[in-house]
**Q** 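Take this structure first; my questions come after.
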Amino acid sequence: MADWQRTVTCGALRAEHLGTSVTLNGWVNSRRAYNQQVFLDLRDRYGVTQVVIEADAGSPLFDIADGTGREWCLSVKGEVRRRLPGKENAELATGAVEVVARHLEVLNKCPTPPFEVTEFPGEELAGEDIRLQYRFLDLRRPSLQKALLMRNRLNQTIRSFLDGRSFVEVETPLLGRSTPEGARDYLVPSRVHPGSWYALPQSPQLYKQLLMVSGIDRYYQIARCLRDEDLRADRQPEFTQLDVEMSFVDQDDILKLIEDLAVEVFRSCLGMEVTVPFPRLSYDEAMLRYGSDKPDLRYGLEITDVTDWAGGSGFKVFQEAVAAGHAVRAINATGAAGRFSNTELKPGGKLSEVVTRAGGKGLAWLKVEEGKYTGGIEKFFAAGMLEELGRRLGAKPGDLLLLVADAPDKAAELLGGLRTHLAAQLGLVPADAKTFKPLWVVDFPSFMRDDEEGRWVANHHPFTAPRVADIAKLESDTASVKARAYDLVINGYECGGGSIRIHDPVVQERLFAVLGLPAEQAREKFGFLLDALKMGAPPHGGIALGLDRWAMILSGTANIRDVIAFPKNQRARDLMTGAPAPVDARQLKELGL
RNA sequence: GGGGAUGUAGCUCAAUCGGUUAGAGCGCCGCCCUGUCACGGCGGAGGUUACGGGUUCGAGUCCCGCCAUCCUCGCCA
């Protein structure tokens, strides 16, 4: 062992170590210098230990210590000593003791850092772009290290849980074939086949289905997935999924497995017990009550459909909307009447604009007062109708009733947007990062209409099995076909999604046809899958969990970059390495580009 | 591609209605200090106000353009 190597970490020393001789390795967290004495706080990922260097120690020791700065990497040899009485630091786990340096070696210097690595309470962090540029420094911060450790705990929990249930971890290719549908692919040119391209996987979907055909039975993989689409606070171009697939199962088997896994994850990562089974909500009900297929159930503000009431309300705007087949739906923002001024609510006002900017025609509103309703439109309603509305919405004085009329799907979307906006504005979203409201959204429609291309597209993906009873109407009543698909939603984040797959080659070919993929093309692009389905494919299904989002939720951050060691920025650039970057002409030539 | 926000010292921010030499805290440098721990005291350095135009007697501030960063819609089977 080299002379400078540590014998203990910076988080280890306690009163029981008094008098022992130790060597510490770490980074200078902070420095407090006198002309006869220097205090150094030495930091590693385990903690911080105070080191004292005194001038009377003689030798060059003091001068070396005096010359060090923040973020220098040091080795310190010395004795563990009790701090002077009354000088203990209760903030530090090692605060009862300090190390008196007998020898100090500079392992590496550091110039003045471009931003302060040490986090102080109440102090703003440096801008994210400069922290991403020097990500290796940013990752020295305990809070980011904590997120990486949380992610590690999550991965380890998953592996041990699934291993204990006879799942097999199998790696699938990164270099694959581009398939139609889905996200934009990242492409990799082939050198040996000029003009031909690999695609990086959007998910290991087809490989895992083929593993079922092979009899692997229970598969999982912590798999990197790549999608060349625009980024968001919770979306990166490369991200990680826990990919799971099982044979001889039905929907409930998958949901139960993931619920059991979630219990383990919350237990081992946060020491929390979550209640299972999770609530299940049909897609239709989720859209009706929350205006979203990934509702945040941490707060109320449920949507109520009052179309039948609106038709006879006497308010012309509503009655005409209902006559045109539109829906009228409402949110009772309980107690919020005083939180929004009439100016904000009126056309052109801030809250009204939330609806109009999303393409809505307008926002109708009523403030509930003792024995009356105000808002300017109250005079248009027939006698007793406002009282009837109030009864349906459970209105009490001080409540604010918000109504939107539009085509049913649009009304759902508008009120969903309004609901999340209200929750943020009214401070209804718990700030403690310890409230978790998971649910399953089930019974998704199999298909959505793509108006641009004038054809049906798969809502989930083209391998999702329709409900058995709906298979007969695949072609005749496509819109009403429901899928055996399910999404796991936690606190408004889509944290996972999966389905029972089609294992009947005939059904698969019919589904391709509905999507506008002629048999010839289906054979050319998915021949391997169709062949596999013909050769004794078992019934199977699975799910993929977005592990970055799980890590976000467990770490209590709304920023996906906080849980990825080396993330891309919003323009998909790596500010540290500068990727993507031009390449040598020679490289391009070799690739025939 | 659309909408929104931001860009001033190494970092975080301020600068009133367009008006003097663009300020503060932290950091950095120097000196002083043997019990500090977000040490303290004294002194100092540090600015193309992202960039390019324009309006004006005068622009950090107003206008146009452009770049960057973040949020968002579209997009993400």
Side-chain angles (χ1 to χ4, degrees), chain A residues 29-43 48-57 62 69-71 81-92 94-95 98 100 111-134 137 179-185 202-203 205-206 225-237 239 353-354 356-359 413 417 420-421 424 444 446-448 450 452 456-464 483 485 494 497-499 511 515 517 544 546 558-559 561 569-571 573 575:
Chain A
N29 197 52
S30 65
R31 221 172 67 93
R32 297 170 293 280
Y34 298 80
N35 62 359
Q36 297 293 305
Q37 185 185 37
V38 176
F39 293 95
L40 292 180
D41 285 347
L42 207 62
R43 178 196 69 234
V48 171
T49 300
Q50 174 166 288
V51 175
V52 194
I53 300 96
E54 287 161 349
D56 59 6
F62 181 82
R70 284 166 184 257
E71 302 308 323
R81 174 169 87 177
R82 187 183 293 282
R83 291 194 181 193
L84 294 180
K87 301 295 182 184
E88 300 85 1
N89 185 348
E91 305 284 307
L92 286 181
T94 61
E98 62 192 8
V100 196
T112 303
F115 57 89
E116 289 178 53
V117 173
T118 314
E119 299 171 83
F120 299 117
E123 193 101 323
E124 284 294 316
L125 284 177
E128 197 178 11
D129 44 353
I130 194 161
R131 289 189 288 115
L132 285 173
Q133 189 186 337
Y134 297 93
L137 284 183
T179 53
E181 306 260 334
R184 196 175 292 114
D185 285 319
Q202 298 176 25
S203 86
Q205 181 61 35
L206 290 173
C225 305
L226 299 106
R227 296 176 189 175
D228 186 4
E229 298 292 348
D230 285 347
L231 280 57
R232 290 286 185 281
D234 63 348
R235 252 161 49 186
Q236 282 274 302
F239 60 100
E353 292 242 295
V354 172
T356 50
R357 272 220 300 265
E413 178 198 323
T420 50
H421 180 88
F444 282 82
S446 281
F447 305 98
M448 286 181 310
D450 185 328
E452 268 176 40
W456 293 104
V457 292
N459 196 1
H460 195 61
H461 60 55
F463 320 109
T464 299
E494 184 193 323
S499 64
L511 205 130
L515 296 176
L517 198 64
N559 181 349
R561 297 177 294 275
N569 77 356
Q570 208 196 13
R571 298 277 309 280
R573 219 200 294 273
L575 293 177

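Only heavy atoms go into these numbers, but all of them, side chains included; no hydrogens, no water, no symmetry mates.
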**Q** Are A/Glu71 and A/Arg43 within salt-bridge range, i.e. N to O under 4.0 Å?
**A** yes
**Q** For A/Arg573 and for A/Ile130, locate the closest nucleotide of RNA chain B by heavy-atom distance; then report the residue assigned to the nucleotide nearer the 5' terminus.
**A** A/Ile130
**Q** Could you measure between the two P atoms, the one in B/rU12 and the one in B/rU34, and give it in whole Å?
**A** 36 Å
**Q** So, is A/Arg32 close to the B/rU36 phosphate, meaning a side-chain N or O under 4.0 Å from OP1 or OP2?
**A** no
**Q** Going by modelled atom types, is there a donor-acceptor pair between the base of B/rC70 and the side chain of A/Arg561 at under 3.5 Å?
**A** no
**Q** Taking atom CG of A/Leu226 and atom CZ of A/Phe239, what is their separation to the nearest 0.5 Å?
**A** 7.5 Å
**Q** Please report, rounded to the nearest Å, how far the C1' atom of B/rU69 is from the CG atom of A/Asp129.
**A** 5 Å
**Q** Regarding B/rG4, can its base be found pairing with the side chain of A/Glu353 as donor and acceptor, where the two atoms are less than 3.5 Å apart?
**A** no
**Q** For atom C1', what is the distance between B/rA15 and B/rG23, given to the nearest Å?
**A** 7 Å
**Q** B/rC31 and B/rA45: how far apart are their C1' atoms, nearest whole angstrom?
**A** 15 Å
**Q** Using both distances under 3.5 Å as the test, list the Watson-Crick or G-U wobble partner of B/rU16, or none.
**A** none
**Q** Under the side chain to side chain contact (heavy atoms under 4.5 Å, CB included) test, which residues partner A/Ala183, sequence neighbours left out?
**A** A/Gln202, A/Arg227, A/Glu229
**Q** Checking all strands, does A/Leu125 fall into the base, sugar-phosphate, or nothing category for heavy-atom contacts under 4.0 angstrom?
**A** sugar-phosphate
**Q** In whole angstrom, give the distance that lies between atom CD of A/Glu229 and atom P of B/rC73.
**A** 14 Å
**Q** Taking atom P of B/rC39 as reference, at what distance in whole Å does atom CD of A/Glu91 sit?
**A** 13 Å
**Q** Looking at the side chain of A/Arg571, which of B/rC13, B/rA68, B/rC28 is the nearest nucleotide?
**A** B/rA68
**Q** I want to verify a distance call: between B/rU72, B/rG35, B/rU69, whose nearest atom is closest to the A/Arg81 side chain?
**A** B/rG35
**Q** Distance-only, no hydrogens or angles: does the A/Arg31 side chain make a donor-acceptor pair with backbone N or O of A/Arg70 under 3.5 Å?
**A** no
**Q** Between A/Glu119 (CD) and B/rU12 (C1'), how many Å, whole number?
**A** 14 Å
**Q** When you measure from the side chain of A/Phe39, which nucleotide among B/rG35, B/rC75, B/rC71 comes out closest?
**A** B/rG35
**Q** Counting any heavy atom closer than 4.0 Å, what does A/Asp228 reach on the DNA or RNA strands: base, sugar-phosphate only, or nothing?
**A** nothing
**Q** Say we look at B/rG52 and B/rC66: how far apart would their C1' atoms be, to the nearest angstrom?
**A** 7 Å
**Q** B/rU36, OP1 or OP2 - any side-chain N/O from A/Lys87 closer than 4.0 Å?
**A** yes
**Q** Within less than 4.0 Å of OP1 or OP2 of B/rC71, is there a side-chain N or O belonging to A/Gln570?
**A** yes
**Q** Rounding to a whole Å, what distance do you find between A/Asp234:CG and B/rC70:P?
**A** 14 Å
**Q** Rounding to the closest angstrom, what is the interatomic distance between B/rA14 and B/rG47 at atom C1'?
**A** 15 Å
**Q** Evaluate the side-chain proximity of A/Leu125 to A/Glu116: yes if any heavy-atom separation is below 4.5 Å, no if none is.
**A** no
**Q** Do the side chains of A/Leu132 and A/Ile130 get nearer than 4.5 Å, heavy atoms only?
**A** no
**Q** Looking at the side chain of A/Arg232, which of B/rU69, B/rC37, B/rC73 is the nearest nucleotide?
**A** B/rC73
**Q** Between the side-chain atoms of A/Arg31 and the base atoms of B/rC37, is any donor-acceptor pair under 3.5 Å?
**A** no
**Q** Kindly determine whether A/Ser30 and A/Asp41 satisfy side chain to side chain donor-acceptor pair (under 3.5 Å), including the steps that lead there.
**A** CA-CA 5 Å; A/Ser30 65; A/Asp41 285 347; 3.2 Å; yes
**Q** With a non-hydrogen cut-off below 4.0 angstrom, is A/Gly127 in contact with a base, only sugar-phosphate, or nothing?
**A** sugar-phosphate
**Q** Across the strands shown, which category fits A/Ala358 at heavy-atom distances under 4.0 angstrom: base, sugar-phosphate, nothing?
**A** nothing
**Q** Could you report the tightest heavy-atom contact between A/Trp456 and A/Leu515, atom names first, then the distance?
**A** O-CD2, 3.5 Å
**Q** Of the listed nucleotides (B/rC39, B/rU69, B/rG1), which one gets closest to any side-chain atom of A/Tyr34?
**A** B/rC39
**Q** Does B/rU49 have a Watson-Crick or wobble partner in any strand here, with both distances under 3.5 angstrom, and which is it?
**A** none
**Q** Across all strands, who's sitting opposite B/rU61 as a Watson-Crick or G-U wobble pair, both distances under 3.5 Å?
**A** none
**Q** Show the distances under 3.5 angstrom between N or O atoms of the protein and N or O atoms of nucleotides 22-26 of chain B.
**A**
from, atom 1, to, atom 2, distance (Å)
B/rC26, O2', A/Glu116, OE1, 3.3
B/rC26, O2', A/Glu116, OE2, 2.8

**Q** OH of A/Tyr134: more than 12 outside heavy atoms within 6.0 angstrom?
**A** no
**Q** Can you tell me the base-pairing partner of B/rC76? Count Watson-Crick or G-U wobble geometry only, both distances below 3.5 Å, and say none if there is no partner.
**A** none
**Q** Determine the contact category for A/Ser203: base if any of its heavy atoms lies under 4.0 Å from a base atom, sugar-phosphate if only primed atoms, P, OP1 or OP2 are that close, otherwise nothing.
**A** base
**Q** For the pair made of CD in A/Gln37 and C1' in B/rU34, what is the distance, rounded to whole Å?
**A** 4 Å
**Q** Does a salt bridge link A/Arg81 with A/Glu54, judged by any charged N lying under 4.0 Å from a carboxylate O?
**A** yes
**Q** Ignoring hydrogens and angles, answer whether the base of B/rC37 and the side-chain atoms of A/Asn89 contain a donor-acceptor pair closer than 3.5 Å.
**A** yes
**Q** Taking the same atom, P, in B/rU16 and in B/rC29, what whole-Å distance lies between them?
**A** 33 Å
**Q** Check whether the side chain of A/Arg235 and the base of B/rC76 form a donor-acceptor pair under 3.5 Å.
**A** yes
**Q** Which part of the nucleic acid, if any, lies within contact of A/Pro114, taking any heavy atom under 4.0 Å across all strands shown: a base, the sugar-phosphate backbone alone, or nothing?
**A** sugar-phosphate
**Q** Side chain of A/Asp230 only, please: which of B/rC75, B/rC70, B/rG35 is the nearest?
**A** B/rC75
**Q** Taking only Lys NZ, Arg NE, NH1 and NH2, and the carboxylate oxygens of Asp or Glu, determine whether A/Glu88 and A/Arg83 approach each other closer than 4.0 Å.
**A** no
**Q** Report the base-pairing partner of B/rC31 (Watson-Crick or G-U wobble, both distances below 3.5 angstrom), or none.
**A** B/rG41
**Q** Assess whether one donor atom and one acceptor atom, taken from the side chain of A/Arg357 and the base of B/rG4, lie less than 3.5 Å apart.
**A** no
**Q** Rounded to whole Å, how long is the line connecting atom CD of A/Gln50 with atom P of B/rU36?
**A** 10 Å
**Q** Expressed in whole Å, how much space separates the C1' atoms belonging to B/rU55 and B/rG65?
**A** 15 Å
**Q** Determine, stepwise, if the pair A/Asn559 / A/Glu128 fulfils side chain to side chain donor-acceptor pair (under 3.5 Å).
**A** CA-CA 11 Å; A/Asn559 181 349; A/Glu128 197 178 11; 3.1 Å; yes
**Q** When we call it a touch if two heavy atoms are under 4.0 Å apart, what does A/Gln236 touch: a base, just sugar-phosphate, or nothing?
**A** nothing
**Q** Write down the partner of B/rC67 under the Watson-Crick or G-U wobble criteria, each distance required to be under 3.5 Å.
**A** B/rG7
**Q** For B/rG25 versus B/rU8, give the span between their C1' atoms, rounded off to a whole number of Å.
**A** 15 Å
**Q** Whole-Å distance between B/rU12 C1' and A/Glu124 CD?
**A** 7 Å
